[in-house]
There are 2 protein chains.
Amino acid sequence: MPSVTVKDVARLAGVSPSTVSRVISNHPRISKATAEKVRQAMETLGYHPNMTAKKLVSKSTKTLGLVLPRSAEELFANPFFSEVLRGMLACANQKQYDLLMSSANNPKEEMETVTRMVLGRQVDGMILIKPRKADPVIEKLLALDFPFVVLGRSLEHPDVPAVNNDNIAAAFDATFHLINQGHRRIGFVSGPPELVVSGDRLAGYQKALSQAKLPLRDEWVIASDILPKNGFHAVSMVMNAPDRPTAFVVSDDVVAFGMIRELVGAGYQIPEDVSVVGFNNIVLSELSNPPMTTVDIGIYHLGYQTARHLIRILQGEKVAEPNVTVPHRLVIRQSVRFLPHADDAL
Amino acid sequence: MPSVTVKDVARLAGVSPSTVSRVISNHPRISKATAEKVRQAMETLGYHPNMTAKKLVSKSTKTLGLVLPRSAEELFANPFFSEVLRGMLACANQKQYDLLMSSANNPKEEMETVTRMVLGRQVDGMILIKPRKADPVIEKLLALDFPFVVLGRSLEHPDVPAVNNDNIAAAFDATFHLINQGHRRIGFVSGPPELVVSGDRLAGYQKALSQAKLPLRDEWVIASDILPKNGFHAVSMVMNAPDRPTAFVVSDDVVAFGMIRELVGAGYQIPEDVSVVGFNNIVLSELSNPPMTTVDIGIYHLGYQTARHLIRILQGEKVAEPNVTVPHRLVIRQSVRFLPHADDAL
DNA sequence: CTGAAAGCGCTAACAG
DNA sequence: CTGTTAGCGCTTTCAG
């Protein structure tokens with residue numbers, strides 16, 4: 001790695017280093033002749049600019065920071081994340097930005113990583129994924145006046161740049177679909193309670209029920225972790241009650257998979273005995289057995305728009321509206337049964 | 001972002017910048033007193049070292065480069081990748097390295113990205129995922145004498161540092177299991193033909209059949225893309241032949257999901273009518289219906305060990321054996337049927 | 001249109 | 001034990 005520098009190029013081309021620099025950055029006032037001479041020299045020497053040096057002087061890294069919250073375990077076990085990442089990368093690379101990633105196992109590490117990236121000036125802006133309620137990282141970034149955007153939304157700071165679904169509406173739609181199909185007793189399986197998104201989806205579910213004047217029973221709301229395998233005895237408890245739900249809204253497809261497995265194991269058929277509508281529409285939702293009815297939240301776009309939004313901000317575009325909402329849509333497949341004996345239409 | 005530097009700290013502490021630098025790097029010959037004084041100053045000023053400057057002078061970035069091959073689409077549609085990434089991040093962060101990611105949509109972009117990262121000195125080493133046969137990126141890195149490790153293996157350069165499964169043995173084991181369960185007509189669904197791993201798994205399958213003196217029929221080998229949805233009419237062709245296979249080895253769980261869905265759609269039951277053994281043991285394999293028998297290839301470890309291997313090399317540890325093999329194991333669940341009427345034991 | 005010089009923020013000899 | 005002096009490789013005034 002014999003590190004050829006501007007100096008080397010300059011020497012070979014018989015010009016000064018500053019001229020070389022100008023050629024690289026397509027400076028207007030440079031003669032065709034020398035420009036060509038310099039390019040030749042770069043070519044024969046195999047020159048490539050040292051990005052680190054460039055960053056140091058330009059004070060811009062062209063890099064977006066991404067810190068993976070809490071247990072990356074949680075996040076990665078779920079295809080949601082890879083899809084988000086795919087969207088971010090697609091946008092970032094298209095705009096000539098890189099992504100610098102780091103994971104953190106707990107809130108403390110998370111804070112340290114953010115600090116390291118931000119104060120260490122390794123990145124021009126930060127992306128925060130699915131903030132929790134009262135997220136200290138947001139406070140910190142706000143205090144530092146450092147550019148960032150959150151994927152999700154901040155409860156405390158509604159004006160912070162954010163890209164999100166309308167999760168209340170999404171959960172409403174999912175629940176409403178069940179109601180439309182004749183279901184009257186509908187349960188809900190929620191995500192991690194500390195996440196803002198979990199609260200929103202629960203709210204949407206409740207809203208749909210109230211609007212349809214349907215019972216809202218606490219014991220039909222199951223708090224699950226976002227990982228499968230947890231808390232599924234809860235399911236059997238619910239199912240063994242005399243007045244069990246005929247359908248569930250499950251706030252994550254992966255959890256829905258786990259739940260269906262539990263139910264099948266307990267001898268229930270999907271959708272004959274229990275209907276399920278999931279959330280996210282991950283790739284496998286379509287391939288599952290039965291194919292799952294789920295809310296497509298546009299995961300890829302969520303990622304893409306988040307990066308896009310941040311880059312816009314970094315480039316100084318005045319963004320009038322800090323919040324961008326990615327549309328969702330219900331994808332109807334075969335995990336929901338129509339109950340013809342529904343007592344009444346709505 | 002009022003950028004406090006070593007100079008500021010030095011001034012406040014009444015010492016020279018180099019002393020500050022020494023305190024930061026825990027230089028041994030520094031008096032307790034001044035060290036404390038400097039630390040105070042850093043604290044009150046809220047000093048954090050500028051990583052870019054540090055990188056420039058130290059000529060080390062503490063960053064690993066990861067370029068996502070070809071269509072990230074392909075890669076990300078598959079949970080394999082997120083799990084690998086999770087392992088890499090876990091290791092990298094533990095060793096105080098960051099991961100710089102970029103995606104590329106085609107071989108040309110891939111090469112450019114590698115060039116940008118390597119010649120731009122943005123990273124200390126590169127990680128290459130699942131090389132294709134005669135991969136030009138490997139040639140390039142070799143020519144540059146730049147540190148890298150491949151996740152997978154290079155056909156042409158067996159001595160290049162690599163972390164891999166013994167895919168031949170893994171496919172052998174999967175196939176052998178089917179044989180053991182009484183299957184005699186076994187099909188194979190292969191991954192993208194340009195990947196080395198696809199060839200290896202096919203070889204393992206063939207080896208098992210030959211060893212058991214079982215027929216090896218070309219028409220039972222289906223070339224699928226790694227994405228689901230493609231080429232599944234091929235499945236129906238195979239299944240409609242008079243002498244159809246009773247079981248399939250499918251070289252990827254996601255493809256297996258898609259295949260099972262096709263089969264179920266065509267009226268077959270799994271495993272009653274057709275047995276399937278997959279590859280990878282992604283999270284959802286266990287949750288599928290029926291739970292899938294599959295080869296666990298230790299995806300997380302694959303990622304972890306790859307990062308580990310590269311970091312070892314970067315730190316100058318003499319690695320005797322360039323290739324590390326991550327063990328696999330067959331996970332038996334419920335997608336394979338025992339055929340008691342098998343003509344004979346082995 | 002181009003060169004000389006200064007400096008981004010940090011570290012690393014080399015002296016003391 | 002600590003300060004001085006030189007850069008790392010690049011860009012950027014400021015003069016020509």
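Numbers restart at 1 for each chain; the letters A, B, ... are given by sequence-line order, proteins then strands. Quick note: numbers below take in every heavy atom, side chains included, and nothing from hydrogens, waters or symmetry partners.
At least one side-chain heavy atom of B/R116 sits less than 4.5 Å from a side-chain heavy atom of A/D98. A/L100 places a side-chain heavy atom less than 4.5 Å from the side chain of B/T63. For the pair A/T61 and A/Q122, the minimum side-chain heavy-atom distance is 4.5 Å or more.
Using a 4.0 Å heavy-atom criterion, one finds that A/T52 contacts no nucleic acid atom at all. Backbone-only contact: B/V15 has heavy atoms under 4.0 Å from sugar-phosphate atoms and none from a base. Within 4.0 Å of A/S21, counting heavy atoms only, lies at least one base atom of the nucleic acid. Within 4.0 Å of A/I30, counting heavy atoms only, lie sugar-phosphate atoms of the nucleic acid but no base atom. Nucleic acid contact for A/S25: none, since no nucleic acid atom lies under 4.0 Å from a heavy atom of the residue. If you check every strand for non-hydrogen atoms under 4.0 Å, A/K59 touches sugar and phosphate atoms only.
Judged by distance alone, the side chains of B/S18 and B/S16 do bring a donor and an acceptor atom under 3.5 Å apart.
The shortest non-hydrogen separation linking A/S103 to B/N93 is N-OD1, 2.6 Å.
In this structure, the NE2 atom of B/H27 is 13 Å from the P atom of D/dG3, given to the nearest Å. Computed from coordinates, the A/R29 CZ to D/dA15 C1' distance equals 13 Å when rounded to whole Å. Across the protein-nucleic acid pair, B/N26 atom CG and D/dT2 atom C1' stand 17 Å apart, rounded to whole Å. What separates NZ of A/K54 from C1' of D/dG9 is a distance of 11 Å, to the nearest Å.
Nucleotides of DNA chain C lying under 4.0 Å from heavy atoms of chain B occupy a range whose first and last members, 5' to 3', are C/dG9 to C/dC14.
Closest-nucleotide positions on DNA chain C for B/I24 and A/A35 were compared, and the one nearer the 5' end corresponds to A/A35. A residue-by-residue look at B/S16 and A/M51 shows that B/S16 has its nearest nucleotide of DNA chain D further toward the 5' end. Mapping A/V20 and B/P28 onto DNA chain D by nearest heavy atom places B/P28 at the nucleotide closer to the 5' end. Of the two residues contacting DNA chain C, namely B/R22 and B/H48, the nearest-nucleotide position lying further toward the 5' end is that of B/H48.
Closest to the side chain of B/L56, out of D/dG9, D/dC10, D/dT2, is D/dG9. Relative to the side chain of B/T19, the nucleotides D/dT2, D/dG9, D/dC8 differ in distance, and D/dT2 lies closest.
Panel note: side chain A/H48, backbone B/M117; no donor-acceptor pair is recorded below 3.5 Å.
Phosphate contact (OP1/OP2 of D/dC10, side-chain N/O of A/S18, threshold under 4.0 Å): absent.
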Checklist line | Criterion salt bridge (charged side-chain N to carboxylate O under 4.0 Å, His left out) on B/R39 and B/E43, from CA distance to verdict | finding: CA-CA 6 Å; B/R39 269 187 248 283; B/E43 183 71 28; over 6 Å; no
